[in-house]
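Everything on this sheet refers to the single structure shown next.
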Amino acid sequence: MMRRRGLAALMIPAAALVAIAAGGWWSTRPSLPGDTPRLQVTPAARLTALTDEAIRLYAAGQFPRACEQFNRAWEDDPASPARREDVARCFEGWGWSTLRQGRAEEAILLFRQGLRQSPDAPTLLRGLGLAAVHAGRTEEALAPLEAAARTDTDAEVRVLLAHLYDRRDDAGRALEHLRTALGTDPAHEAARRLLDKVEREARAEAGFQREITPHFVVKWRAAVDADSRRALLAGLDTARQRVLAQLGEAPRERVTVILYDTVQFQAVARVHGWVTGLFDGKIRVPVGGALPPLRELERILVHEYAHAAIHDLTRGRAPRWLQEGLAQALEGAAPDPMLRVPGRPTLVGVEALLGDADPSRARAGYDVALWVVQDLLDRGGVPAARRLMLRLARGEAIGTAVPAVYGLSLAELEHQWRRALGG
């Protein structure tokens, strides 16, 4: 009987959202003594050699060759559950490594290959679901993540599912997963915060009516009249067309849009009073007693839909200065040519301004973000901006992605911006 040994240290963990822990999963065979004569290789010796070579390759990160060797060992011993598991785990490690490199579509194929050998493995199901999220295919992420949640007590899977259902405007399913997660891990802060958010929104939106179009899920108070509804739906279609025409990109899935009165909006959004819209995975618009004039409505909707498109294109990895600057540019805002910024402005500083509790400082952050993004658009246009966002979507840091697209380091660009802005 051959003994099993653990090589968990060789497994590749998930980069974000789901922590994967896997134990040892392949067999150890005793090596032949050094003085063994050269006899005909027995089937057992061949299996030992294949597996030992596969382990060596896996440890070196040579996943294609490692998985090929594990597969050959399994083909020689197809009745062995352990060898089938070896193949599945090899593809799992390969999948996580590929996902960490930002190649989500390839990772999907690798996790699926592993699931052919081990269809119920929670770590493979999690990997497939997370890879689908990173690839922007959230509809395809739900089934494997739900399957993983049924057999795994890890709260992270349920929190991720809650985020996905919340964005789909399915508060019931989101709350179900969050309450189960907190039952498993009562101290889970992210689950607690999301639960509070979803419950707060559900209270504010009680009694809202809902309409589904090809590109939107729209919710509003029953008091909103038919003319206002038609104007809103037309404005949303116009916003989508304008963003798609300029950016060449639109969200793959329906975007939820919710109209609140002013009190409801503040209860849900908790933002500065001057904010006329918000995108936080859903578009939220305060309308008071009536919709704003058509031109203003279209400006708001273009701005917020631009946020949705940027979020989708970057897989949620765009820094806030890029989100806010580009959304303003796409709505048609022009930077102030007389803008001056004291001190030594940096992108880190702009991020801080955008989130400042002081309304005047926050608005200054918006002005600087627009100026910076317009400068980048002047240098490379929308095509360069798209290349930047695609690099961010693959997981590149902004400090790596910017020089690759614009040929200048962030430090060099910030130096030029300081000179232009008078800092």
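All residue numbers in this chain count up from 1 along the given sequence. Note that the structure is a prediction, hence the values are computed from the model and not measured.
For Ala147 against Leu125, the heavy-atom pair with the smallest separation is CB-CD1, 3.8 Å. Taking all atoms of both residues into account, the shortest heavy-atom contact from Ala329 to Leu377 is CB-CD1, 3.9 Å. When every heavy atom of Gln117 is checked against every heavy atom of Ala88, the shortest pair comes out as CB-CB, 3.9 Å. Taking every heavy atom of both residues into account, Phe91 and Leu110 meet most closely at CB-O, 3.6 Å. Shortest non-hydrogen contact noted between Arg83 and Ala73 is CD-O, 3.5 Å. In plain terms, the two heavy atoms of Ala107 and Gly95 that are nearest each other are CB-O, 3.6 Å.
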If you apply the rule side chain to side chain donor-acceptor pair (under 3.5 Å), what do you find for Arg89 with Ser118, and how did you get there?
CA-CA 9 Å; Arg89 294 297 188 180; Ser118 186; over 6 Å; no
Could you walk me through whether Tyr165 and Glu176 pass the side-chain contact (heavy atoms from CB on, under 4.5 Å) check?
CA-CA 10 Å; Tyr165 282 118; Glu176 177 184 335; over 6 Å; no
Could you walk me through whether Glu140 and Arg252 pass the salt bridge (Lys or Arg N to Asp or Glu O under 4.0 Å) check?
CA-CA 12 Å; Glu140 297 177 26; Arg252 304 183 188 188; over 6 Å; no
Going through the checks in order, is the side-chain contact (heavy atoms from CB on, under 4.5 Å) test met by Phe216 and Asp237?
CA-CA 9 Å; Phe216 299 97; Asp237 284 338; 4.1 Å; yes
Stepwise salt bridge (Lys or Arg N to Asp or Glu O under 4.0 Å) test for Glu331 and Arg299:
CA-CA 6 Å; Glu331 79 176 49; Arg299 183 197 67 77; 3.3 Å; yes
So Arg210 and Glu205, salt bridge (Lys or Arg N to Asp or Glu O under 4.0 Å) or not? Walk me through it.
CA-CA 10 Å; Arg210 193 168 183 254; Glu205 296 164 20; over 6 Å; no
Please test Glu201 against Lys282 for salt bridge (Lys or Arg N to Asp or Glu O under 4.0 Å), starting from the C-alpha separation and ending with a verdict.
CA-CA 11 Å; Glu201 292 171 11; Lys282 303 174 186 178; 3.6 Å; yes
Determine whether Leu413 and Arg379 satisfy the following criterion, side-chain contact (heavy atoms from CB on, under 4.5 Å), listing intermediate values before the conclusion.
CA-CA 11 Å; Leu413 284 170; Arg379 294 171 188 266; 3.5 Å; yes
Worked check of side-chain contact (heavy atoms from CB on, under 4.5 Å) between His163 and Val133:
CA-CA 11 Å; His163 276 289; Val133 171; over 6 Å; no
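The distance from the CD atom of Gln241 to the OH atom of Tyr305 is 10.0 Å, given to the nearest 0.5 Å. Note that the CG atom of Leu326 and the CD1 atom of Ile310 stand 4.0 Å from one another [nearest 0.5 Å]. Summarising the geometry, atom CG belonging to Leu194 is positioned 12.0 Å from atom NE2 belonging to His177; distances are rounded to the nearest 0.5 Å. In this structure, the separation between CG on Leu390 and CZ on Arg386 is 5.5 Å, given to the nearest 0.5 Å. From Leu164, atom CG reaches atom CD of Glu146 across 9.5 Å, with rounding to the nearest 0.5 Å. Atom-to-atom distance recorded for Glu414:CD and Leu408:CG is 12.0 Å, nearest 0.5 angstrom.
Side-chain contact between Leu130 and Glu156 is absent, with no heavy-atom pair separated by less than 4.5 Å. Proximity of Arg158 to Thr184: side-chain heavy atoms (C-beta onward) are nowhere separated by under 4.5 Å. Inter-residue side-chain proximity for Asp52 and Arg56 is flagged as unmet; no heavy-atom pair is nearer than 4.5 Å. Counting heavy atoms from C-beta outward, Leu347 and Trp417 have side chains that approach closer than 4.5 Å. Residues Val255 and Arg240 have side chains not in contact (no heavy-atom distance under 4.5 Å, counting atoms from C-beta outward). Within the 4.5 Å cutoff, no side-chain heavy atoms of Gln113 are placed close to those of Asn71. Using a 4.5 Å heavy-atom threshold, the side chains of Glu53 and Arg65 count as touching. Here the side chains of Lys197 and Asp166 are in contact, with some heavy-atom distance below 4.5 Å.
Looking at Arg168 and Glu253, no side-chain N of the basic residue comes within less than 4.0 Å of a carboxylate O on the acidic one, giving no salt bridge. Taking 4.0 Å as the cut-off between side-chain N and carboxylate O, Arg192 and Glu189 do not count as a salt-bridged pair. Ion pairing of Glu68 with Arg72 is absent here, as no side-chain N (NZ or NE/NH1/NH2) approaches a carboxylate O to less than 4.0 Å. Electrostatic pairing of Asp196 and Arg200 does not count as a salt bridge here, judged by no charged N lying under 4.0 Å from a carboxylate O.
In this structure a side-chain-to-backbone donor-acceptor pair under 3.5 Å is missing from Glu298 to Thr238. For the pair Gln374 (side chain) and Leu370 (backbone), a donor-acceptor distance under 3.5 Å is absent. Side chain of Thr346 to backbone of Gly349: a donor-acceptor contact under 3.5 angstrom is found. With hydrogens and angles ignored, the 3.5 Å screen pairs a side-chain donor or acceptor of Arg317 with a backbone N or O of Ala393. Between the side chain of Arg137 and the main chain of Ala132, no donor-acceptor pair closer than 3.5 Å is present. In this structure a side-chain-to-backbone donor-acceptor pair under 3.5 Å is missing from Glu324 to Tyr366. Side-chain atoms of Ser97 never come within 3.5 Å of backbone atoms of Gly93 as a donor-acceptor pair (strictly under, hydrogens ignored). At least one donor-acceptor pair closer than 3.5 Å links the side chain of Arg315 to the backbone N or O of Ala135.
Using bins of under 30°, 30° to 60° and over 60° for the plane-to-plane angle, the ring pair Trp94/Phe63 lands in the parallel bin. Note on ring orientation: taking the six-membered ring where Trp is involved, the planes of Tyr58 and Phe70 are perpendicular (angle over 60°, cut-offs 30° and 60°).
When ring centroids are compared, His303 and His307 come within the 6.0 Å threshold.
At a cut-off of 3.5 Å, with distance as the only test, no side-chain donor of Thr98 or Glu106 sits close to an acceptor on the other residue.
Applying the ring pair (Phe, Tyr, Trp, His ring centres under 6.0 Å) test to Tyr406 and every residue at least two apart in sequence or in another chain returns nothing.
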